[in-house]
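Numbered from 1 within each chain, the chains take letters A, B, ... in sequence-line order. Predicted, not measured: the structure shown is a model, and the values here were computed from it.
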Amino acid sequence: MSPSLRDRILRLSLGTTALLSGSVILAVVVFLFREAWPALASGKLSHFFTDLKWQPGSERDPQFGLTPMILASFLVTVLATIIAIPVGVGGAIFQQFYAPAFLGKFHDRLLELLAGVPSVIFGFWGLTVLVPVINRWHPPGQSLLAAGLVLALMILPTVGLTARSAIRSLDPGLLKGAAALGIGRPATILRVIVPAARQGIGAGCLLAIARAVGETLAVVMVCGNIAQIPHSLFDPVRPITSTIALEMGYASSDHRALLYAAGLILVILSGTLVGWQSYRKESFKPRQAG
Amino acid sequence: MKIGRTGDTLLGAFCAVAALTGVGALIWIITDLIQLGLPHLSPGFLTGEVTESGRGGGIGPILVSTVLILISCLTFAVPIGVGCALWFAEIIPEKSHVGKLLSASIDLLASVPSIVFGLFGMVFFCQILGLGFSILAGGLTLACMILPIVIRTTIAAMQAIPEDLRPAAAALGLSRSTTLGKILLPRALPGVIVGITISVARALSETAALIFTSGYATRWPESLGDSGRSVSVHIYDLAMNIPNGAARASASALVLLILILVINLAASFFSDRWFARQSATHSAIHG
Amino acid sequence: MSRFVLTITAAGLFLLHFTSCSKLESSEGLLITGSSTVAPLVADAAQRFEKEYPGARIDVQTGGSSRGINDVRTGLAKLGMASRALKTDESDIQAATIAMDGVCLILHSSNPVEGLTKDEITAIYQKQISNWETLGGNAADIVVTGKASGRATLEVFLGYTGLDSADIQADVIVGENQQAIKTVAGNPKAIAYVSIGAAASEALAGTPIKLISIDGIEPTTENVARGVFPITRPLNMITKGEVTGLSRTFLEYLKSDRIRDLVETHLYVPVSP
């Protein structure tokens, strides 16, 4: 085979794989649309935003309000992120600058391991250990707080590991420069390292947020699943994913189509998040070397 | 100077507390699992058949199904993902419209919740492609899910390769395929392997996408068209559907954790060695 | 590079080969979907059946009674499982009862309340009674645990109390029986309704829950068998039209007394032939 022919085959096959990869998301969206179509076409979608309650099984007064669930997905995610970011980034800084090497390695391994724990284990642990503790404090235990805590644990590895690698991949000259200028360690970390690694840490956090929005099986066990607007941290909530997990196997016709539509809304939500991130990346960083 | 010392202690203390909180919670979970599950762990548990819906016997067939799901997932995700990344990193200009579009679609795919992949897989692979609830359908669904991870890590690895290698290879008159296959890809390999490791851990721990696609069967799988549950689905079923299943769910979870630990260790050992060799040759070339 | 392409092609062929094989083999396969209450029993029966009839392959997939009925209607599954009787508008399909089960109320074992009446239960689930003190228990708010829409247990419970699902004022909503049991086990103030079989076997294993009497009748398998326990339900296999081949053989097997001991280990009540 001549080199130019080989190059052409290479281009073609790589292009094909790229086309395939790019079209997966298209296929996902198209099929969600297809399954959700009965609900969209009959105008049932407006129920999502006009109905106040979620009682799809009621014969007397079926209602399909999604607003409390969108709010719940949002609140649970925000709570988890508020907890996980300081813990994750703090842990990464501790490991890089304060801890002895062997402890750092241990911390790393543990986080990697945690990244592989199935979500159902977190849910199971949350339901049998965490929820009773919160319940003693303020019943019923299954609550916004429980869901936020369990989710925070789940996204901690993502935040921690990306923060660590963002810090590690910084130019060592940065540290030397700061030392040469006589800047102390805390100032170096807070004023030089963290801002320099901001991009990487931010990308990790976004990944974590997307994971939190979409997490299902852990949340469904600890959130209480009441579709309501919560008034405190101790009120039960029901995120969108919980509804899909609880009802998909049990739904037929219109109800099923509405659940697919809820899935579509979930994709749009997390898609917006990602779109915003890439927009931010473009405007903050006009040019990147390499 | 004194203020600096105090600040250092404070920051150090805060970060130590942060690290300890995270680590503490994890150790708490793992201790609970060990307490509940360890008494059930034995060689027979790893190889035995599932009896009484999981309350008796072992998880032998489930481990086999898990490996088959993983193989069929990686068979699709790795070549397609790496190919796509190479195309993106080496062939099209990043700033082109196609490049931006591809990049956006990969990011979007990464943000799709796993349960949505489950819904998609159930309709597309199981019903439309007629695969039914099968190991192959589960593997393909997982492949869609981990594709962005493989692509992103491979792109990052390709971009970390020093820029001067490419013009140098071109100056030597090497064809693009030779440059890619013999020079660039080997250098990016550790990064690619790390990416695959992350993907494998993610795929192993995935439950929501598999419940709807790979099915529940607990017998020994005979082909990829068979239904077969993964370890994570088994854990879910034991914990949620089977009375008195908690202990064996924990034992299965321990097995899964050990599996993930071994994979992580192997990958990190491999990529460390690779890095050492690469930098050795690098310094040999550049003096 | 060509090696790379070759590997992909080989892998593709390998997978193709595997799938084409399975298409031929699955001719003796049977897919059963439906109720998570019936599934463990049918799965155990299927495992025994496969040993007695080599070559038969039965896949049992959990997903709820509605799904079992739906899958049989669309033809996705030949047999469905439902843990309730068929409704009047479901006359296009047939049900065969393989066992009986009851739905009982469970409390944490530290709760002093031993029994409730139908009126009390109805009032609790509408939040008309919201403190255990009113019922002779400790002064504490009742944590009402309900079930998610579409679950057969919910429908059986609604049928018994005469409530509509919109009437129920729950503090926590759960999916599977196990989630309800774990919720009550971790919460001394909670009340939930679950399958007697699932609750009794957990209570036997030492989980801190107790099954309480309704209108003075204890939730035991004997009382379900005698038909005196107020909330009972059939565990059904659902079919549409004439069933043949493996589905028919397995259905007959399930109805026979060869799975009687399995029904009893699951703490359900065998139907007298």
Mind checking the [atom1]-[atom2] spacing from [X] to [Y]? Nearest 0.5 Å is all I need.
X: B:L109; Y: B:C144; atom1: CG; atom2: SG; answer: 7.0 Å
X: B:I149; Y: B:T154; atom1: CD1; atom2: OG1; answer: 11.0 Å
X: B:S105; Y: A:L19; atom1: OG; atom2: CG; answer: 10.0 Å
X: A:L266; Y: B:S111; atom1: CG; atom2: OG; answer: 9.0 Å

Contacting region of [X] [heavy-atom separation from chain B under 4.5 Å]:
X: A:I189; value: side chain
X: A:A152; value: neither
X: A:F122; value: side chain
X: A:V213; value: neither
X: A:L153; value: side chain
X: A:I121; value: side chain
X: A:V129; value: side chain
X: A:R8; value: neither

Contacting moiety of [X], where chain A heavy atoms sit under 4.5 Å:
X: B:I151; result: side chain
X: B:A16; result: both
X: B:L102; result: side chain
X: B:F14; result: side chain
X: B:A77; result: neither
X: B:I106; result: side chain
X: B:R176; result: both
X: B:L33; result: side chain
X: B:I91; result: side chain

[X] side chain vs [Y] backbone, donor-acceptor pair below 3.5 Å:
X: B:E206; Y: B:A208; value: yes
X: A:S23; Y: A:L26; value: no
X: B:T66; Y: B:S230; value: no
X: A:S270; Y: A:A210; value: no
X: A:E215; Y: A:L217; value: yes

Q) Charged N to carboxylate O under 4.0 angstrom, B:D8 versus A:R185? A)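 Result for this pair is yes, salt bridge flagged.
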Partner chain B: residue of [options] with the largest heavy-atom pair count (under 4.5 Å):
options: A:L269, A:L264, A:T16, A:I244; result: A:I244
options: A:P118, A:P157, A:G214, A:G88; result: A:P118
options: A:G123, A:G15, A:P86; result: A:G15
options: A:L113, A:V267, A:T216; result: A:L113
options: A:Y98, A:W125, A:Y260; result: A:W125

Q: Give a yes-or-no answer on whether the side chains of B:S177 and A:R11 include a donor-acceptor pair shorter than 3.5 Å.
A: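 Checked: B:S177/A:R11 side chains show no N/O donor-acceptor pair below 3.5 Å.
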[options]: which one forms the most heavy-atom pairs within less than 4.5 Å of chain A?
options: B:I128, B:L174, B:V231, B:T197; answer: B:I128
options: B:A19, B:C15, B:G22; answer: B:C15
options: B:N264, B:D32, B:L257, B:I29; answer: B:I29
options: B:V112, B:T21, B:V23; answer: B:V23
options: B:I30, B:L119, B:L10; answer: B:L119

Quick one: are [X] and [Y] in side-chain contact, heavy atoms under 4.5 Å?
X: B:I211; Y: B:Y236; result: yes
X: B:M158; Y: B:I155; result: no
X: B:I263; Y: B:L204; result: yes

**Q.** Heavy-atom pair with the smallest gap, counting every atom of A:V220 and A:S242
**A.**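 Closest approach of A:V220 to A:S242: CA-OG, 3.6 Å.
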Q: Take B:E90 and B:R166 through the salt bridge (Lys or Arg N to Asp or Glu O under 4.0 Å) test and state the conclusion after the steps.
A: CA-CA 10 Å; B:E90 300 300 323; B:R166 294 174 181 95; 2.8 Å; yes
